[in-house]
Student: 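Submitted below is the structure of interest, expressed as C-alpha cells.
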Amino acid sequence: MDEIFEGLNERQKEAVECLEGPVLILAGAGSGKTKTLTHRIANLLARGVKPSNILAVTFTNKAAKEMRGRLWNLLQAHSRDGSQEPPRSFMPYMGTFHSICVKILRIEAEAAGLDRDFVIYDTDDQISLIKRIMKNLRLSEKKALKPKSIQSIISSEKNQGRGPEEYAAKALYPNQRDIAKVFEAYEKEKEKAGALDFDDLLLKTLELFSNNLAVREKWQKKFEHILIDEYQDTNAVQYHLVKLLVNEKRNICVVGDDWQSIYSWRGADFTNILNFERDFPGAKVVKLEQNYRSTGNILEASQKIINNNKTRTDKVLFTEAGKGAPVEIESLADEEKEAQFVVRTILRMQKEYPDYADFAVLYRTNAQSYAFEKAFMAGHVPYKIVGGVRFYDRKEVKDVLAILRLIVNGRDKVSFERVVKNVLSGIGEVSLNKLLMAMDAMNDANPLLNPDLPDVLNAVKARNGLVRLTRFLEEIRNATSVAYNRGENVVNPGEVVRKVVAYFDFQRLTDDGTPAAEERMRNLEVLASNAAEFASLDDFLADASLMSSADEVTGKNAVTLMTLHAAKGLEFPVVFVVGLEEGLFPGSRAYDNESDLEEERRLMYVGMTRAMRRLFLTYAMSRYSFGSRNYNMPSRFLTELGYNPYGSVGYRDEDGDGFKDYGDDVFNDDDFGESDLDPFPEDLPVWE
C-alpha cells in the first residue's frame, strides 16, 4: 500500500485517498493529473475493488494504453510469462467513451435493437457512403458540398444529440437543405447495412440507458466506481451518459481543468466541469496546483492571462523550480521578420539547448506556417509540422498553383487534370480522357487555347466549363503580352493569384460550412502575398516547386511547428507563441462574443503553459491578409501581461531602459548562407 502514495504531494494524496462519494479533481497544467488518476485506481484495486467494476474513461486510446501500463507496473503485477505488459483482460472498462460503448452494445445488442455483429463505419467508410448518396441525389457536382465537410457536420449534430429531422428543421439555405437530404439518406443506408458510425456508438448507448431501466440498473450496479479524465472536454451526449451510469453511492471522480477547455467548436462543453458540484451536491473538491513543468515566471504570466476570464474556477499554480528566465516579448516589422527572429533565436540558444526538438513554434492558424517554413529552410534548421499539412501541400493552394501552371504551360496535363477535377464542373472522367487525347494530337504550343478543343465535348455544361477556363488563360496571357510589348513590367504574380481566386470563385469552392473555410481563404491570401514578391510568374512557380519538394529539411531532431490546439497535452523546453495581434489572436470573431473571447484566452493559456524553461511571445506590426498589408494592434493578451508597445510598463529593467540588450554581434548573414536576413534585433522586451 505504501508504494501507492510514494512520490505524491499532499493534494495528490488527498485525491488518491478519498474513494467514496463524488470527487472533483481540478488539475492545473502540468500538475500530474495522470499520475494522480493512476494512483487512485491503484488504491481502489488494493482495497479489493475488482478491475471489471471500475469504469475509467480517457479521451484517447493512447492515453488509455499508457495509463493501463503505468497502473500495471505500479501494482507490480506481471503476467505468467514474465512480461511486464498488462494482459488485454486487465481493466476491461478502461478506454475512450467510444470503445466502452462498443463493449456495452455488443453485450446488450438485443435490448438495443441491434445485431450483435454490427459493423462500425470509420471516417473513410462514412465519407464513401456520403459520396454515393450525393451521386444518387445528383449533388456530387456542387463544388461547395464536400463529402468530408458533410461528414463533419453530421457528426457535430449527432454529438449534440440531434438527428436529420432536427437539422432539416433549422436548414435555411439551399446547401443546408441539401445536407439535410444527405443526412436523412445516410441514416437510412446505415440502418439497412446494419452499421453504426462512431457517433452512433454513444447515441445508441444513451438511448439504451434512457429507455431501458433494467439494463441501466444492471450497469449502474456493475460500475462501482467511475473515473472520467479530461471532464472539461465532454460533450452533451457524453455528459448525459455519465449521469445515467452513476448509482446511488455516487462514487464518481472526474479530473480536468476548465482553464484548458479549447474544443467548443467540436461540441465540448466546459460548463460540465463547472456544474459538477451542482450535479453532485456535497462533492469533495481537490485542487492540484503544484506545477511540475514550468518555471515561476511562466506560471505567473499564464495566471495573469487566465485571471481575465470571468467564467472559471479559482486556482493559483505554483512551482518549486524557481522563477527562471523572464517571459520575453518581441515586436517585429512583419511576418517575415517574425519568422527570422524565431530562427535566429533558436540558433543563438543552441549551446544551451542543442536539440532542435526542444523548440516549438505555436500559432493560431495553419496559414501562418508558411513564413516559418521559408525561414527555417533559409536558415537550414530542421523542422516538422504536426497536426497540419505543409503550406504548399494544402489542397486550395495546389488548386490555384495548377491554374497558374496552365497559364505558363498549356500542355501541362497533370495540372489540367487537377483543375478539371477540383475547380471546373461538368467534365467527367470520360470527357477528361477525350480532352487529354485531343491535346496530345494537337501540335499547338498551348492546346488549351485551340478553338477546336471544346468541340471534343458533347455535353453543353462540360463545354462551358472548358471555355470558361480557356478564356481566363487567354486573358492573362494577353495582358502579359501587352505589358511586354509596351516595355512595362509584366502583370505581378500576386495580382494573378487574386484574379484566379476571384474568377473561379474560390470563396465558394472552399466554403464547406465549417470554420476551416475561413482558414482556406487565408491560405490563398498568404499565397498572393508571397507571389507578389516575385518579378514573374515563372520565378514564383519555380520557388513554389522548390518549397514543396521532398528536399525539405526535416527529421526526428527538428523544431516543431503546430497550431495551439494541436499542442494541448505536450511540453517543450522552449516555446514561441507567435502572431499575437488583434484580429488574429484573438480572432475577430471573438470581438462581439464574450464566450468566444474567453475560449481564445484559454487557448493562449494552453500555449503559454506548454513552455518548461523559456517562453517567447511575438507579434508583427504589419501582416498581409485579405489582399492587402494590414497594420494591427498588439494582442490584448500582451496588454493583460502589462505590455505597453509605447513604453516600458511591465518590463524587466536591467539597464534602466526596460529592455534586455543582446547586442548586434550575435549573428551575421553567414549563418544563413546566401539568405538576406536582417541583423539580429538589438532590443528584446521582456515581461517578468
Side-chain angles (χ1 to χ4, degrees), residues 1-9 12-13 15-20 23 25 27 30-108 116 120 122 198 201-202 205 218-231 233-234 238 241-242 245-247 251-256 288 292 568-571:
M1 288 287 289
D2 290 343
E3 65 272 10
I4 292 175
F5 298 96
E6 189 175 330
L8 301 177
N9 63 40
Q12 290 172 333
K13 287 180 181 177
V16 169
E17 287 176 330
C18 184
L19 302 180
E20 302 297 328
V23 177
I25 302 176
S31 63
K33 72 175 180 64
T34 302
K35 181 177 183 178
T36 303
L37 196 57
T38 303
H39 283 247
R40 194 174 196 277
I41 296 172
N43 195 24
L44 286 170
L45 296 174
R47 293 178 181 276
V49 180
K50 294 179 181 178
S52 60
N53 293 134
I54 298 174
L55 171 62
V57 180
T58 62
F59 263 75
T60 66
N61 290 313
K62 181 181 177 182
K65 182 178 180 181
E66 178 187 343
M67 187 179 294
R68 185 179 282 108
R70 289 171 67 169
L71 180 59
W72 180 260
N73 291 328
L74 179 61
L75 296 172
Q76 297 181 339
H78 300 278
S79 59
R80 293 179 181 177
D81 61 2
S83 170
Q84 293 191 13
E85 289 293 320
R88 294 180 64 87
S89 59
F90 180 65
M91 294 298 295
Y93 294 100
M94 174 180 283
T96 63
F97 274 105
H98 293 89
S99 65
I100 290 163
C101 285
V102 168
K103 291 182 179 180
I104 293 173
L105 289 176
R106 294 282 189 211
I107 294 170
E108 304 292 352
R116 197 175 187 283
I120 301 171
D122 62 17
F198 288 150
L201 299 175
L202 304 185
T205 309
K218 169 186 170 181
W219 288 93
Q220 286 177 340
K221 184 178 180 180
K222 179 173 184 60
F223 294 139
E224 298 174 8
H225 290 269
I226 297 174
L227 301 95
I228 315 289
D229 194 13
E230 302 286 8
Y231 192 65
D233 292 333
T234 51
Q238 292 161 344
L241 262 176
V242 171
L245 279 171
V246 177
N247 60 31
N251 291 334
I252 178 171
C253 172
V254 301
V255 184
L288 304 184
Y292 294 94
K568 188 171 182 293
L570 304 179
E571 61 184 29

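Count residues from 1 along the sequence. Keep in mind that the numbers below use all heavy atoms, side chains included, and drop hydrogens, waters and symmetry copies.
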Student: What's the spacing between Leu71 CG and Met91 CE if we round to 0.5 Å?
Tutor: 6.0 Å

Student: Compare every heavy atom of Thr96 with every heavy atom of Val57, then report the nearest pair and how far apart it is.
Tutor: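 Scanning both residues, the minimum pair turns out to be CG1-C, 4.3 Å.
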
Student: Between Asn251 and Glu20, is the side chain to side chain contact (heavy atoms under 4.5 Å, CB included) condition met? List the steps.
Tutor: CA-CA 6 Å; Asn251 291 334; Glu20 302 297 328; 3.6 Å; yes

Student: Can you measure from CE (Met67) to CG (Leu227) and round to the nearest 0.5 angstrom?
Tutor: 8.5 Å

Student: Please find the pair of heavy atoms, one from Ser31 and one from Gln12, that lie closest to each other, and give the distance.
Tutor: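 Closest approach of Ser31 to Gln12: O-NE2, 3.1 Å.
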
Student: Assess whether side chain to side chain contact (heavy atoms under 4.5 Å, CB included) is satisfied between Phe97 and Thr205, documenting all intermediate values.
Tutor: CA-CA 10 Å; Phe97 274 105; Thr205 309; over 6 Å; no

Student: Check Ala46 against Ile4 and note the closest heavy-atom contact, atom names and distance.
Tutor: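 Distance-wise, the nearest heavy atoms are CB-CD1, 3.6 Å.
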
Student: With sequence neighbours left out, what residues match Phe198 under ring pair (Phe, Tyr, Trp, His ring centres under 6.0 Å)?
Tutor: none

Student: Can you check whether Leu202 reaches Gln238 side chain to side chain, under 4.5 Å on heavy atoms?
Tutor: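 Yes; the side chains approach each other to less than 4.5 Å.
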
Student: Nearest 0.5 Å, please: how far is CG in Leu245 from CD1 in Ile228?
Tutor: 8.5 Å

Student: Is the shortest heavy-atom distance from the side chain of His225 to the side chain of Leu55 under 4.5 Å?
Tutor: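 His225 vs Leu55: side chains apart.
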
Student: Starting at NZ of Lys568, measure out to CG of Leu570 and round the result to the nearest 0.5 Å.
Tutor: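 Rounded to the nearest 0.5 Å, the NZ-CG separation comes to 10.0 Å.
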
Student: Rounded to the nearest 0.5 Å, how far apart are CG of Leu288 and NZ of Lys33?
Tutor: 10.5 Å

Student: More than 12 foreign heavy atoms under 6.0 Å from CZ of Arg106: is that the case here?
Tutor: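 It does: Arg106 CZ has more than 12 such atoms within range.
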
Student: Where do Leu105 and Leu201 come nearest, in terms of heavy atoms and distance?
Tutor: CD1-O, 3.6 Å

Student: Tell me, do Ser52 and Lys222 make a side-chain contact under 4.5 Å, heavy atoms counted?
Tutor: yes

Student: Looking at every heavy atom in both Glu17 and Asn43, which two are closest together, and how far apart are they?
Tutor: CA-ND2, 4.0 Å

Student: Under 4.5 Å between any side-chain heavy atoms of Ile120 and His98, yes or no?
Tutor: no

Student: If we only count heavy atoms from C-beta on, is the Lys65 to Asn61 side-chain gap below 4.5 Å?
Tutor: no

Student: Pair Leu75, Phe90 - check side chain to side chain contact (heavy atoms under 4.5 Å, CB included), show working.
Tutor: CA-CA 12 Å; Leu75 296 172; Phe90 180 65; 4.2 Å; yes

Student: Any heavy-atom pair between the side chains of Thr234 and Val254 that's under 4.5 Å?
Tutor: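 Of all side-chain heavy-atom pairs linking Thr234 with Val254, none is under 4.5 Å.
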
Student: If every non-hydrogen atom of Cys253 is compared with every non-hydrogen atom of Arg40, which pair is closest and at what distance?
Tutor: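 Taking every non-hydrogen atom into account, CB-NH1, 3.5 Å.
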
Student: Main chain of Pro86, side chain of Arg68: is a donor-acceptor contact present, judged purely on distance under 3.5 Å?
Tutor: no

Student: Can you tell me how far NZ of Lys103 sits from CD of Glu108, rounded to the nearest 0.5 angstrom?
Tutor: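 So the CD of Glu108 and the NZ of Lys103 are separated by 14.5 Å.
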
Student: Do the non-hydrogen side-chain atoms of Thr58 and Glu66 ever get within less than 4.5 Å of each other?
Tutor: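 Contact flag for Thr58/Glu66 side chains = no.
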
Student: Do Lys218 and Ile107 touch side chain to side chain, with heavy atoms closer than 4.5 Å?
Tutor: yes

Student: Do Asn247 side-chain atoms and Lys221 backbone N/O form a donor-acceptor pair below 3.5 Å?
Tutor: no

Student: The test is side chain to side chain contact (heavy atoms under 4.5 Å, CB included); show your working for Leu44 and Asn53 and say whether it passes.
Tutor: CA-CA 10 Å; Leu44 286 170; Asn53 293 134; over 6 Å; no

